2 protein chains.
Amino acid sequence: MPKANLENLKSIREFNGLLSDRVYEAIKAAILSFDFEPGAVLKKGPICDALGVSRTPVSDAIMKLEADRLVEVIPQSSTRVAKMSMKEIREDAFLREALEVSAVEYAAEHRTDELLARLNRNLRMQDLQVEDQDYEELFKTDQEFHRLIMGCCNIDRLHATIGFVSNHMDRARKLMLPIPGRSLDSVTEHRKIFEAIQKADPAAARVAMQQHLRHLIKRLEPLEKQRPDLFIP
Amino acid sequence: MPKANLENLKSIREFNGLLSDRVYEAIKAAILSFDFEPGAVLKKGPICDALGVSRTPVSDAIMKLEADRLVEVIPQSSTRVAKMSMKEIREDAFLREALEVSAVEYAAEHRTDELLARLNRNLRMQDLQVEDQDYEELFKTDQEFHRLIMGCCNIDRLHATIGFVSNHMDRARKLMLPIPGRSLDSVTEHRKIFEAIQKADPAAARVAMQQHLRHLIKRLEPLEKQRPDLFIP
DNA sequence: TCATGTCAACTAACATGTTAGTTGAGGGGG
DNA sequence: CCCCCTCAACTAACATGTTAGTTGACATGA
């Protein structure tokens, strides 16, 4: 039976801002790190006790997590951590691809020397981290690479929107173990994207980003068979 | 001073489901119809009285409207109907274009005879409505045309996601008066999209949809000068 | 006149009490 | 043995009471 390890809930003192938001961040982190397992029943009472807050901020947080599709509320009955679903992950991939491919196309058309410099620095960092087999940091540098490209679009909500539509995919990514050979391929793909941006070639940038993202979903697909317990039956 | 006409709030008895959701729908409708004007202060107390509910469902509804970017909550202070903003509208347009262009590309690749038949029927309806100058109904048929294309993608969330990212743009569209000549152009553009889907030509479908959506944003831009009172200074 | 400090009024945020829909265990009839 | 009904227990949904942060009016002094 899937379990929600309440003792692993990060203290809400680690965040600041509204209590509701801090509770939201704490629960979201627990879900994305699998401390709250897919399918686990989420009870407000114990969460209130664990965090030392009342039901209101917890209810607000759960409502936002429902919008993220990370929990499923059954009216008047119960709330569960959303099970993984390859259909949902594929939907995430479609939406993310649509948005991120448009972003990279825009970036290739409007690139600045500063963006190129930052991307170049980021890529050299990736090389180092592959060499050092520091997959934890490589993951972050990878995310930063994508964030740099989006940042160039002057669409404030772009990054947040992509995050919003990719929650199921992001959770699945956390389950993937680093495969040394693959990390190298990934950097190669990033470099292709970089070169297309550098050449101001939007069509090439589109294709490069599309291939990169489609490799990602290909790597996620085996998870359904490796961890059937986490997925919807 | 922008005003919120509470007496125009649709009775929540017109919807069904959770009270929070009904309140959400009622307020959202009021904002999108400009019964609640951009910039108007939204007070929970009067809304509770007008709808005959307590503060909880109203707070929940306002939280969702904040996620939609239709209201702005200033912590511990006040809540206002979001002012219009051409920057936001342009961001909406970027995100919607990214998603809808991907959708139509997919549709062109995976079209079925049934989709073509439905689209064709829809287009003939549009012809009739242009002829009758029934712009109210044409608006709905237009939306249905786009919905049919998205429906073909098997991405359950696609329609909801596009709606979610387009709230500011959708509100602005309500202010546009129908221009007879433009309606005809719009149907012509729709027909181009249809033809590309029929020919199973994703590249042509992309371009046709892109042009169609870029015409829309072009028509929205003058609003900022026509109605400066509704926009952010 | 204008800058600044105080304070009361107001609101969202948070806490807690109450209601009503759902669920599943147990029991009686087929 | 199985189906259906009942009902108590449980939970989310809703109502209401309380707290605390913000704001703007007003007063005070430079």
Side-chain angles (χ1 to χ4, degrees), chain A residues 1-4 6 9 11-27 31 36 39-83, chain B residues 1-4 6 9 11-27 31 36 39-83:
Chain A
M1 208 58 194
K3 188 95 196 305
L6 292 169
L9 260 184
S11 167
I12 53 175
R13 276 183 288 279
E14 293 187 21
F15 307 99
N16 47 2
L18 296 179
L19 206 44
S20 309
D21 294 339
R22 287 185 273 166
V23 173
Y24 167 78
E25 294 297 342
I27 300 178
I31 293 174
F36 288 2
V41 175
L42 230 47
K43 302 193 187 191
K44 287 180 188 173
I47 294 175
C48 293
D49 296 343
L51 294 175
V53 299
S54 77
R55 300 197 306 275
T56 308
V58 174
S59 296
D60 291 353
I62 286 178
M63 196 182 302
K64 288 181 187 171
L65 290 163
E66 193 187 10
D68 290 336
R69 309 175 336 282
L70 289 175
V71 307
E72 284 166 10
V73 176
I74 301 161
Q76 310 282 12
S77 169
S78 65
T79 302
R80 288 164 182 276
V81 177
K83 279 236 175 194
Chain B
M1 208 57 196
K3 188 94 198 304
L6 292 168
L9 260 184
S11 167
I12 54 175
R13 275 183 288 279
E14 293 186 20
F15 307 98
N16 47 4
L18 297 179
L19 207 43
S20 309
D21 294 339
R22 287 185 274 167
V23 172
Y24 167 78
E25 294 296 341
I27 301 179
I31 293 175
F36 288 3
V41 175
L42 230 48
K43 303 193 186 192
K44 287 181 187 172
I47 294 175
C48 293
D49 297 343
L51 294 175
V53 300
S54 77
R55 299 197 306 275
T56 309
V58 174
S59 296
D60 291 352
I62 286 178
M63 195 183 303
K64 288 181 187 170
L65 290 163
E66 192 187 11
D68 289 336
R69 307 175 335 284
L70 289 175
V71 307
E72 285 165 11
V73 177
I74 301 161
Q76 310 283 12
S77 170
S78 64
T79 302
R80 289 164 181 276
V81 178
K83 280 237 177 195

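Every heavy atom of this structure was used, including side-chain atoms; hydrogens, water molecules and symmetry mates were not. Not measured: the values here are computed from a predicted model.
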Picking from [options], which would you name as closest to the side chain of [X]?
| X | options | value |
| --- | --- | --- |
| Ser54(A) | dA13(D), dT16(D), dA15(C) | dA15(C) |
| Val53(B) | dT18(C), dA15(D), dA13(C) | dA15(D) |
| Val73(B) | dA13(C), dT23(C), dC14(D) | dA13(C) |

ask   = Taking atom types as they are modelled, is there a donor-acceptor pair under 3.5 Å from the base of dA15(D) to the side chain of Thr56(B)?
value =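 Yes.
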Using OP1 and OP2 only, check whether a side-chain N or O of [X] sits under 4.0 Å from [N].
| X | N | value |
| --- | --- | --- |
| Ser78(B) | dC10(C) | no |
| Ser77(A) | dC10(D) | no |
| Lys44(B) | dT11(C) | no |

I need the minimum non-hydrogen distance between [X] and [Y], along with the two atoms involved.
| X | Y | value |
| --- | --- | --- |
| Gly39(B) | Arg80(B) | O-NH1, 3.1 Å |
| Pro2(B) | Ala40(B) | CB-N, 3.5 Å |
| Ile62(A) | Val71(A) | O-CG2, 3.7 Å |
| Ala50(A) | Leu9(A) | CB-CD1, 4.4 Å |

request  = Could you state the atom-to-atom distance from CE of Met63(A) to P of dA12(D) in whole Å?
outcome  =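 It is 12 Å, rounded to the nearest whole Å.
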task = Specify the residue among Leu19(A) and Pro75(A) whose closest nucleotide of DNA chain C lies further upstream toward the 5′ end.
result = Leu19(A)
key: Residue whose nearest DNA chain C nucleotide is more 5′ - Gln76(A) or Thr79(B)   =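 This one resolves to Thr79(B).
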query = For Ser59(B), which contact category applies under a 4.0 Å heavy-atom criterion: base, sugar-phosphate, or nothing?
reply =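 Since no nucleic acid heavy atom lies under 4.0 Å of Ser59(B), the category is nothing.
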task = Just call it for Leu18(B): base, sugar-phosphate, or nothing, with non-hydrogen atoms closer than 4.0 Å on any strand.
result =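 Answer is sugar-phosphate: Leu18(B) comes under 4.0 Å of backbone atoms only.
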